[in-house]
Amino acid sequence: MKRVVTYSPKVFIPLTKLCRDVCHYCTFAQPPRRGERAYMSGDEVLAVARAGADAGCHEALFTLGDKPELRYRAAREELAELGCETTLEYLARMCELVLAETGLLPHVNPGVLTREDLELLRPVSASMGLMLETTSEPLSAKGGPHFGSPDKLPARRLETIALAGELAIPFTTGVLIGIGETREERIEALQAIRALHDRYGHIQEVIVQNFRAKPGTKMAEAAEPTLDDHLWTIRAAREVLGPAMRIQAPPNLAYDDFPRLLEAGIDDWGGVSPVTIDHVNPEAPWPEIVRLRAATEAAGAELAARLPIYPAYVADLDLWADPRVATEILRHADADGLARDDHWAAGAALPPPRLTSAAAPLRLDEGELNEDAITSLFSAREKELARVVAAADELRRETSGDAVSYVVTRNINYTNVCYFRCGFCAFSKGKLAANLRGAPYVVPLEEIVRRCHEAWERGAVEVCLQGGIHPGFTGEYYLDVVQAIKAELPDLHVHAFSALEVWQGAVTLGLPLDEYLGLLKAEGLASLPGTAAEILDDEVRRVICPDKVTTSQWLEVHDAAHRLGLRSTTTIMFGSVEGPRSWARHLVALREQQKRTGGFTEFVPLPFVHMEAPIYLQGRARPGPTFREAVLMHAVARLALHPWITNIQASWVKLGIEGAQAALRAGANDLGGTLMNESISRAAGASHGQEMPPERMEAAIRELGREPRQRTTLYGTPDPERTMRSYGAPPLAEPLNPHVNEAGLKRPQRLVRPGLAVS
């Protein structure tokens with residue numbers, strides 16, 4: 001994959017231009033002017049922030065003079081009118097206002113700070129910044145550019161940066177070159193930054209900024225550093241700070257030469273605003289994003305938007321962000337910890353964004369993709385994304401041809417009561433989910449059988465059964481369900497019971513897995529759905545479903561089923577708290593299991609539907625994957641699972657019709673089931689329909705120039721009589737979902753919690 005160069009889409013909020021310092025090169029700081037306010041009002045701040053949010057920004061950059069109330073009466077008087085004692089108190093209030101009203105993430109540059117100041121601002125900001133500028137003491141002496149500026153003393157600035165490290169604040173700093181320092185002093189400043197980062201790990205980016213002379217300042221006639229000098233300093237910064245540090249140089253201060261900054265080793269363009277000017281350098285307009293992208297791509301890299309907090313810190317928000325701010329960060333972040341690049345959400349009635357298309361497929365090395373290679377593919381963007389998609393579609397065509405299959409099936413979710421504590425689930429109606437929509441129910445056996453008859457009359461070849469795990473269920477319940485269905489509809493394929501249901505059923509009867517699965521098979525169970533997999537990475541499972549089956553237990557159930565001759569599907573639920581590395585581990589685990597038993601029929605990506613999910617409502621998860629990530633999951637799965645799992649399914653329930661069509665262009669060859677009833681995604685907030693009849697399935701497939709094909713659960717061809725019955729099916733009768741109390745189920749003394757048993 002190409003390297004990624006980032007930038008932050010932001011708005012610039014100059015809260016006050018009053019400052020107690022008198023830097024000889026600065027035009028930002030201004031003395032009080034009669035008739036003008038010293039501070040932006042809350043309404044003015046919100047107007048800028050809302051314009052930025054509407055323009056797709058993620059960051060609200062608050063820039064202000066350093067402690068102006070210590071110098072100016074006008075500042076003190078206005079602060080008193082605002083009910084504040086200090087500028088920093090007012091800044092904290094405005095950050096909270098922007099967070100609450102717009103969701104933009106504040107990044108603050110308020111100057112030198114004490115520990116108390118930092119503690120005040122941390123709960124309302126995603127990150128902070130203070131340019132070290134220089135460690136040269138003579139620059140603060142008489143005649144130097146920092147003379148008369150007490151906040152520019154290097155020791156004070158280094159102390160602020162160190163305190164931020166002690167408080168685990170993601171921090172931006174940097175050097176300002178060309179103001180009288182020597183190259184040796186630049187190196188000393190960079191080494192001081194490196195030492196602080198080595199100690200605290202909190203410096204997320206280092207800016208190498210070049211001085212620009214400004215009319216009306218004491219340094220208006222001073223010589224500016226040359227481009228070559230700037231490039232030399234960037235290279236030195238890379239050498240001193242190492243390959244992992246993010247290094248930034250402002251593109252607007254390099255004018256038309258800004259593409260050359262990439263040659264020297266920068267990997268970030270800094271904040272770029274589609275709304276506001278650079279108030280510190282008003283003479284230097286931001287380059288348009290299209291120019292940044294062109295320059296970045298010309299250098300062999302991809303441009304990506306980021307947040308004011310960098311991905312390494314997004315990955316550990318418990319450490320690096322206040323809980324209130326962490327919630328907002330997650331709403332803005334994609335799986336890489338960069339900025340979400342669309343407003344699409346799985347299950348929402350929004351059209352998907354258009355992705356970049358390309359003609360040349362990505363050429364991969366021969367042999368299987370390992371975990372690192374798969375992880376890298378999941379981070380593809382823009383043109384690289386298009387190449388991955390093209391490669392997957394090419395492989396799909398070679399493997400499966402141009403047919404798109406689907407199955408006429410009915411979903412039956414026999415109960416929405418569950419005693420497991422899955423943070424992503426809005427379907428369960430256990431004690432911890434009493435506020436979620438719908439009354440708790442258990443479907444009687446006779447109603448399950450009635451629905452199966454109705455599905456059979458409508459041409460179904462399969463019934464898919466799964467649901468919550470009521471505390472009163474034992475393994476006998478699942479046996480009774482299969483027995484009741486097969487007694488009346490022996491030719492209907494029973495595709496039922498997740499790995500968790502099988503595990504719980506076996507344990508409650510005191511039976512080994514293979515013996516219990518053998519009993520289910522004898523009663524007529526024909527295959528297993530691949531649900532309850534979520535993410536096959538136990539680090540993630542401990543967060544989203546701690547008491548559910550572990551990765552090894554999930555694989556053990558399917559291994560036992562395959563060895564008994566039962567086939568099963570596979571799934572992944574992605575877009576909540578995990579990222580590309582976990583996705584890669586999941587795919588590798590499935591591929592290795594398939595090599596052992598060959599029992600998996602298909603892979604079904606299920607994007608996280610966030611709207612009603614408890615973990616999202618608690619502020620602990622992202623709002624599902626971006627559309628780019630959803631498409632990539634299908635494409636990368638095609639490439640990573642080949643040739644072991646050759647059917648990749650697109651979930652129209654999660655993706656919508658247009659989204660599913662995009663997945664079919666990205667390596668998928670199956671459109672799943674008609675469903676007839678779908679409850680789990682709907683409970684999570686999905687707005688797509690509960691049924692996709694064959695006529696609509698086939699119309700969507702033909703729109704792509706592909707050929708629709710009805711299939712059986714195991715990818716065979718249905719009896720023609722079944723296919724004929726599936727067209728023009730009559731409406732469904734209203735399903736009966738009696739209240740759970742009518743089932744008369746008894747809670748056992750001990751509940752099975754397989755995940756906790758091994759943790």
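Checking side-chain atoms of Ser127 against main-chain N and O of Pro170 turns up no donor-acceptor pair under 3.5 Å.
Within the 4.5 Å cutoff, no side-chain heavy atoms of Leu104 are placed close to those of Arg50. Taking the side chain as every heavy atom from C-beta outward, Met245 and Ile203 approach each other to under 4.5 Å. Taking 4.5 Å as the limit, every side-chain heavy atom of Arg246 sits out of range of all side-chain heavy atoms of Gln204. With contacts defined as side-chain heavy-atom distances shorter than 4.5 Å, the pair Leu377/Val636 qualifies. Side-chain contact between Thr134 and Val175 is absent, with no heavy atoms from C-beta onward closer than 4.5 Å.
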Starting from the C-alpha separation in whole Å, work towards a yes-or-no answer on side-chain contact (heavy atoms from CB on, under 4.5 Å) for Val5 and Glu302.
-> CA-CA 6 Å; Val5 176; Glu302 295 278 7; over 6 Å; no
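By the 4.0 Å N-to-carboxylate-O rule, Glu578 lies close enough to Arg622 to be salt-bridged with it. One finds no salt bridge joining Asp336 and Arg581 here, because no Lys/Arg side-chain nitrogen approaches an Asp/Glu carboxylate oxygen to under 4.0 Å. Look at Arg628 and Asp342 and you find no salt bridge, because none of the NZ, NE, NH1 or NH2 atoms lies under 4.0 Å from a carboxylate O. Classification of Glu328 and Arg331 as a salt-bridged pair holds, one side-chain N sitting under 4.0 Å from a carboxylate O. Between Arg260 and Asp257 no salt bridge is recorded (no basic side-chain N to carboxylate O distance below 4.0 Å).
When Thr646, Asp670, Leu590 are each tested for a side-chain contact (heavy atoms from CB on, under 4.5 Å) with Phe603, only one passes: Leu590.
For Trp269 and Tyr7, the gap between ring centers reaches or exceeds 6.0 Å.
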